[in-house]
Amino acid sequence: VETLFDELKRYVGWTADDEAQLRALHAACAPHFDHIADVFYQRILEHEGARQALVGGESRVGQLKITLKAWMDKLLSGPWDEEYYELRCRIGRMHVRIALPQHYMFGAMNIVRRELNLIVDELHATDPQTLRASRAALGKILDLELAIMLHTYREDLLAQQSRSERLATFGQLIGSIGHELRNPLGVIESSLYILESRVGEDERARKHTRRIGEQLRVANDIVSALLDMIRDRPLQRAPVSLDAALSSVLTAVNPPEGARIIPEGIAGLPTLNGDPGQLRQVLLNLVDNALHAAGPGGEVRITGRVDGGQVEIAVEDSGPGVDPDTRRRLFEPLITTKAKGIGLGLALVRRIVERHGGQVSYAPREGHGARFLVRLPLPAAQ
Ligand code: HEM
């Protein structure tokens with residue numbers, strides 16, 4: 001079966017001669033990798049939009065130059081096989097993950113192209129035939145690189161699209177079930193009210209009416225959460241202090257016995273521009289989940305920092321973490337590991353964060369436990 005990489009190579013007319021040309025170029029180009037990496041990042045730093053995408057700020061540039069040199073090394077030495085393709089996809093997904101706009105890729109690749117072409121031109125100035133073959137090989141591999149990068153953006157877009165399609169179908173279903181359930185629940189509630197006034201002193205009967213009342217509230221809360229999930233309430237934007245939002249969340253949660261909550265660096269975060277109620281809901285769901293996972297005597301750490309044009313909030317717990325199978329579908333509705341959960345908390349978190357132009361992701365915590373990372377754009381970056 002032809003792989004996608006094989007198909008792309010077939011399209012650009014990739015041959016063994018191209019491979020030989022690139023390998024021959026490697027020795028001549030390697031001494032210039034430092035210079036090319038400098039020019040590459042200089043251009044990014046000069047451009048305010050591209051600079052914004054530098055997660056970790058300019059301090060990361062030194063490390064990124066090293067990875068770019070390794071990238072050029074492999075570009076010209078191959079082997080240009082499936083492993084190469086997978087590696088390049090992983091790099092592409094990194095750019096997708098940091099929400100780097102894909103249009104910068106063309107300008108960035110052009111710098112690499114121009115710098116390498118200058119070396120080729122000089123190297124083969126007296127041999128037009130090799131010059132043409134060399135330039136052609138370089139053109140092919142750089143186009144393949146761009147194609148792979150765009151493929152990873154497309155992959156992400158398709159995943160988002162299928163998620164929102166699933167959510168739309170799910171939304172219609174939930175909407176009608178939710179509304180249909182409201183009526184019978186209302187009838188049960190009013191009948192319970194009448195019954196309660198008639199059970200008198202019968203302690204066992206009172207215990208049962210109390211139970212019915214409790215479960216009624218649980219059922220009503222589930223219906224409300226479902227309807228909240230599908231209702232596309234417009235964002236009521238206002239200045240949001242994450243510190244105030246977290247304080248309000250901490251008064252609302254119910255930590256298990258002996259569990260500790262440790263906020264760090266939240267108080268110093270800049271004010272965001274978002275929907276205060278919805279962003280509080282994001283924190284509430286994450287902290288509530290983390291406390292549940294941490295359990296009695298466990299620990300939940302909430303840290304915040306500014307990173308590039310974004311605020312980054314990490315919610316970590318000392319619980320068991322999320323197993324790889326669940327991880328893949330963690331933010332989808334109805335996925336839950338809680339005995340009593342219905343799996344809407346994280347789906348709602350993602351929906352709210354994305355509507356604010358941010359991202360939420362999961363990574364295992366160092367050692368053990370879970371770590372949820374929310375990134376939200378600062379007002380200047382919106
Ligand atoms: C031809 C275009 C590009 C190439 C070949 C390239 C290459 C790479 C490579 C090899 C990595 C992986 C680093 C690692 O293994 O840790 C990477 C990551 C990264 N790149 Fe690029 N890059 C390109 C364009 C850009 C542009 C235009 C920007 C931004 C302004 C950018 C910003 C970053 C950042 C911030 C990371 C780190 C992501 C993370 O740690 O999650 N890149 N890039």
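Source: prediction; values computed, not measured. Order of listing sets the numbers, starting from 1, for every ligand and every atom in it.
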Undergrad: Looking only at the side chains, is there a donor atom on one of Asn273 and His356 sitting less than 3.5 Å from an acceptor on the other?
TA: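 No donor-acceptor contact under 3.5 Å links the two side chains.
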Undergrad: Before signing off on this row, confirm whether Arg51 and ligand 1 have an N or O atom pair separated by under 3.5 Å.
TA: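 No, since none of the N or O atoms of Arg51 sits under 3.5 Å from an N or O of ligand 1.
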Undergrad: Please round to the nearest 0.5 Å and tell me the distance separating atom CD of Glu316 and atom CD of Glu299.
TA: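 These two atoms lie 9.0 Å from each other.
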Undergrad: Is it the side chain (CB and beyond), the backbone, both or neither of Phe106 that lies under 4.0 Å from ligand 1, heavy atoms counted?
TA: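 For Phe106, there is no contact with ligand 1 at all, from either part.
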Undergrad: Find all atoms of ligand 1 within a distance of less than 4.0 Å from any non-hydrogen atom belonging to Phe40, and give their numbers and elements.
TA: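 Matching atoms, with element in brackets: 1 (C), 2 (C), 3 (C), 23 (C), 24 (C).
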Undergrad: Check contact between Met149 and ligand 1, using heavy atoms of the residue and a distance below 4.0 angstrom.
TA: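 A heavy atom of Met149 does come that close to ligand 1.
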Undergrad: Could you pull out, from Leu100, Thr67, Val61, Ile66, the option with a heavy atom nearest to atom 26 (C) of ligand 1?
TA: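 Minimum heavy-atom distance to atom 26 (C) of ligand 1 goes to Leu100.
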Undergrad: Under 4.0 Å from ligand 1, counting heavy atoms only, is it the side chain of Gln63, its backbone, both or neither?
TA: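 Looking at Gln63 and ligand 1, no heavy atom falls under 4.0 Å.
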Undergrad: So, is Tyr104 polar-close to ligand 1, with some N/O to N/O distance under 3.5 Å?
TA: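 For ligand 1, there is no N or O atom that lies under 3.5 Å from one belonging to Tyr104.
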Undergrad: Given Val112, Leu64, Leu68, which one has a non-hydrogen atom that is nearest to atom 36 (C) of ligand 1?
TA: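 That would be Leu64.
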Undergrad: Only heavy atoms count here, so choose which of Leu45, Ile111, Ile91 is nearest to atom 9 (C) of ligand 1.
TA: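 Of the listed residues, Ile91 has the closest heavy atom.
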Undergrad: Only heavy atoms of Ile44, strictly under 4.0 Å: list the atoms of ligand 1 that pass.
TA: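 In order of number, 26 (C), 27 (C), 28 (C), 29 (C), 30 (C).
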Undergrad: Roughly how far apart are Leu64 CG and Tyr41 OH, rounded to 0.5 Å?
TA: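 So the gap between those two atoms works out to 4.0 Å.
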Undergrad: Could you tell me the separation between the CD atom of Glu155 and the CZ atom of Arg93, rounded to the nearest 0.5 Å?
TA: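 CZ of Arg93 is found 4.5 Å from CD of Glu155.
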Undergrad: With rounding to the nearest 0.5 angstrom, report the CG to CG distance, Leu76 to Leu138.
TA: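 So the CG of Leu76 and the CG of Leu138 are separated by 6.5 Å.
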Undergrad: Provide the number and element of each atom of ligand 1 under 4.0 Å from a heavy atom of Met109.
TA: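 Going through ligand 1 atom by atom, the ones under 4.0 Å from Met109 are 1 (C).
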Undergrad: Provide the closest heavy-atom pair for Leu242 versus Leu283 in the form atom of the first, atom of the second, distance.
TA: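 Distance-wise, the nearest heavy atoms are O-CD1, 4.1 Å.
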Undergrad: Numbering the atoms of ligand 1 from 1, which are under 4.0 Å from a heavy atom of Ala108?
TA: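 With Ala108 as reference, the close atoms of ligand 1 come out as 1 (C), 2 (C), 27 (C).
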Undergrad: Centres of the His47 and Tyr104 rings: under 6.0 Å?
TA: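 Ring centres of Tyr104 and His47 closer than 6.0 Å.
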Undergrad: Determine the interplanar angle of the Tyr85 and Phe5 rings, folded into 0 to 90°, and report it as parallel if under 30°, tilted if 30 to 60°, perpendicular if over 60°.
TA: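 Because their plane-to-plane angle is under 30°, the rings of Tyr85 and Phe5 count as parallel.
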Undergrad: If you round to the nearest 0.5 Å, how far is CD of Glu86 from OG1 of Thr3?
TA: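 Taking OG1 in Thr3 and CD in Glu86, the distance rounds to 9.5 Å.
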Undergrad: Would Arg60 count as a contact residue for ligand 1, given that I'm defining contact as a non-hydrogen atom of the residue lying under 4.0 Å from a ligand atom?
TA: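 In this structure, Arg60 qualifies as a contact of ligand 1 - some heavy atom is under 4.0 Å.
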